[in-house]
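Just below is one structure, and these are the notes that go with it.
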Amino acid sequence: MCASYSAPSARGRAAARLAAVTLTSGLVAAGVLSAAGPAAAEGQPQSQSGATAAMDGLKTYGAAVVHDESGDHQVSAGLFEMSVDGGGTLQTYCVDLRTPTQRDARYYETPWSGTSLGANKHAGKIRWILQNSYPQVNDLAALAAKAGVGNLTEQDAAAGTQVAIWRYSDGAHVDAVDPQAEKLADYLQSSAGDLAEPKASLSLDPPAVSGRPGRRLGPVTVHTNAAGVTVTPPADAVAAGVRIVDEKGKPVTSAKDGSRLYFDVPKGDGGDTSHASGSAEGSTELTVQASTTVPVGRAFTSDSRSQTQILAGSSESTVAAAADATWADEGPIPALSAAKNCAKDGLDIQAANKGDEPFTFALMGTEHSIPARAARTVLVPLQEDQAYDFTITGPGGYAQRFTGVLDCRTQSSETGTKTQLLSAPTPATAGGTAPAPNLAETGGTDSTPLIAATGLSLLVLGATALSIIRKKKTPQN
């Protein structure tokens with residue numbers, strides 16, 4: 001797999017810090033910070049859009065040697081596979097050499113700005129490598145000819161491509177063990193051009209809107225590379241008489257790239273969303289779904305502290321995106337979404353207020369006020385590897401919960417950091433496929449089992465404590 005490294009001054013403390021932060025990350029929002037109440041949306045690390053997948057493991061790989069100040073370390077290097085929710089398969093390389101990959105970790109399609117690629121001036125070269133090497137170029141004879149090597153196996157091609165990527169993603173001094181793979185890595189590194197970040201497979205912009213009942217709320221614009229998308233309003237919206245319509249007010253059940261969608265909210269009678277005549281205040285969510293190939297170069301991140309991945313290939317896959325709508329007759333009417341901002345080491349909260357009064361909330365000890373009919377971005381500063389879990393509440397039972405982990409750096413970007421290998425690699429066979437390595441055990445020193453066990457114990461302790469806290473919390477907390 002992509003090598004499992006740990007930094008004593010940073011990642012080596014990550015598991016312990018994660019457990020501690022999980023227990024102490026009670027931030028204050030709107031005077032209260034607690035587990036989400038009944039009206040709160042599900043916890044979300046950012047405005048989710050695109051593909052969601054589970055890590056299957058390292059499938060095609062060879063061996064590489066990483067050289068650093070602690071010595072030379074052999075690791076597995078190659079191509080991962082992930083299974084997409086709803087159907088489809090993704091092939092990825094990692095862009096986070098010194099972080100372990102967690103088996104079965106859940107991954108989310110993510111903009112470069114939410115990863116270490118956002119601040120990496122070589123990110124465009126990584127995408128060039130992906131476009132011009134295996135598996136996008138599956139004619140290995142042609143690829144070998146361009147690289148000036150005799151023959152390339154799939155394992156050589158995957159290892160050489162991963163090595164070239166690591167040189168740009170992590171600034172690593174790394175070589176492929178197989179001479180053919182090494183020549184390919186050198187060719188890709190020296191030939192790489194600069195390509196722009198690919199657009200999301202499917203997204204909605206903005207991911208949250210608000211306004212008065214009796215009007216159309218929006219627009220929400222569809223962005224996708226799919227031929228078309230299915231539009232699905234939730235059952236509670238239908239029961240409340242809320243319709244999803246186009247610019248002319250015509251109900252829609254499908255859309256395409258560039259389509260502008262609106263929430264048509266009927267004028268309320270003071271009831272709740274169970275009344276067909278509408279509601280004076282309420283909220284709902286629109287979901288769109290499509291089947292498409294995810295663009296090569298899209299980043300994938302996980303909140304389980306698993307290595308950041310970058311897409312090398314995609315089958316026809318299910319992708320989805322969602323947008324929230326909130327409405328009220330009077331007072332502040334907030335619309336909130338979030339996105340990780342790795343350039344500023346934090347989480348951007350995009351807050352809009354379509355009401356006639358300011359929307360005020362407190363976050364991390366600081367009060368913020370969004371004037372009526374205004375929008376503002378609030379940066380929540382976080383430390384690298386810090387877990388966050390907070391809820392911003394508003395009038396009428398409005399609550400929006402955000403959870404996740406800030407994972408913006410590779411170890412090589414942290415000055416003065418030494419690295420140590422966590423575990424022993426499974427040697428790759430020359431010209432063939434080595435036995436599949438355990439994803440949590442690639443790399444290697446004799447002290448690894450103790451280190452890994454200690455880190456895992458801390459992670460489990462943190463997760464257990466968080467579960468207990470959530471069970472004890474109520475909406476009155």
Determine, step by step, whether Ser302 and Ser304 satisfy the side chain to side chain donor-acceptor pair (under 3.5 Å) criterion, reporting the C-alpha distance in whole Å, the side-chain angles of both residues, the deciding distance to 0.1 Å, and the verdict. CA-CA 5 Å; Ser302 172; Ser304 63; 2.7 Å; yes

Stepwise, does the side chain to side chain donor-acceptor pair (under 3.5 Å) test hold for Thr377 with Asp348? CA-CA 6 Å; Thr377 298; Asp348 278 337; over 6 Å; no

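- Nearest heavy-atom pair across Ser210 and Pro334 is CB-O, 3.7 Å.
- Closest heavy-atom contact between Cys408 and Leu406: SG-CD1, 3.5 Å.
- A pairwise comparison of heavy atoms in Leu188 and Asn132 identifies CD2-O, 4.1 Å as the closest pair.
- Scanning all heavy atoms of the two residues, the minimum distance from Ala226 to Thr224 falls at N-OG1, 3.0 Å.
- Listed here is the closest heavy atom pair of Met82 and Met55: CG-CA, 3.8 Å.
- The structure places CG of Leu195 at 11.5 Å from CD1 of Ile126, a figure rounded to the nearest 0.5 Å.
- Residue Glu285 holds its CD atom at 10.5 Å from OG1 of Thr326, rounded to the nearest 0.5 Å.
- Atoms CZ and CD, from Phe80 and Gln91 in turn, are 12.5 Å apart once rounded to the nearest 0.5 Å.
- The OH atom of Tyr93 lies 11.0 Å from the CG atom of Leu311; values are rounded to the nearest 0.5 Å.
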Between Asp345 and Arg409, is a salt bridge (Lys or Arg N to Asp or Glu O under 4.0 Å) present by the stated rule, with each step listed? CA-CA 9 Å; Asp345 293 322; Arg409 303 177 188 174; 3.3 Å; yes

Given the rule in the side chain to side chain donor-acceptor pair (under 3.5 Å) test, do Thr301 and Thr110 qualify, once you have shown the distances and angles that lead to the verdict? CA-CA 6 Å; Thr301 59; Thr110 305; 2.8 Å; yes

Determine, step by step, whether Ser83 and Asp56 satisfy the side chain to side chain donor-acceptor pair (under 3.5 Å) criterion, reporting the C-alpha distance in whole Å, the side-chain angles of both residues, the deciding distance to 0.1 Å, and the verdict. CA-CA 7 Å; Ser83 296; Asp56 290 335; 2.6 Å; yes

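- Note that the CD atom of Glu197 and the NZ atom of Lys199 stand 11.0 Å from one another [nearest 0.5 Å].
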Are Asp175 and Arg167 close enough, and set up right, to give a salt bridge (Lys or Arg N to Asp or Glu O under 4.0 Å), and what steps lead you there? CA-CA 9 Å; Asp175 300 309; Arg167 292 173 182 175; 3.4 Å; yes

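- Side-chain atoms of Arg305 never come within 3.5 Å of backbone atoms of Gln102 as a donor-acceptor pair (strictly under, hydrogens ignored).
- Among all heavy-atom pairs drawn from His73 and Asp68, the shortest one is NE2-OD1, 3.3 Å.
- The closest side-chain donor-acceptor pair between Gln289 and Thr230, if any, does not fall under 3.5 angstrom.
- Each of Asp257, Leu204, Leu202 was checked for a side chain to side chain contact (heavy atoms under 4.5 Å, CB included) with His223, and the lone residue meeting it is Asp257.
- Using bins of under 30°, 30° to 60° and over 60° for the plane-to-plane angle, the ring pair Phe359/Tyr398 lands in the perpendicular bin.
- Between Trp166 and the choices Thr410, Asp96, Val75, the side chain to side chain contact (heavy atoms under 4.5 Å, CB included) rule is met once, by Val75.
- Not a single donor-acceptor pair under 3.5 Å links the side chain of Gln131 to the backbone N or O of Gln136.
- The backbone N or O of Tyr168 sits less than 3.5 Å from a side-chain atom of Asn120, completing a donor-acceptor pair.
- Between the side chain of Lys340 and the main chain of Pro111, no donor-acceptor pair closer than 3.5 Å is present.
- Counting heavy atoms from C-beta outward, Val242 and Trp327 have side chains that approach closer than 4.5 Å.
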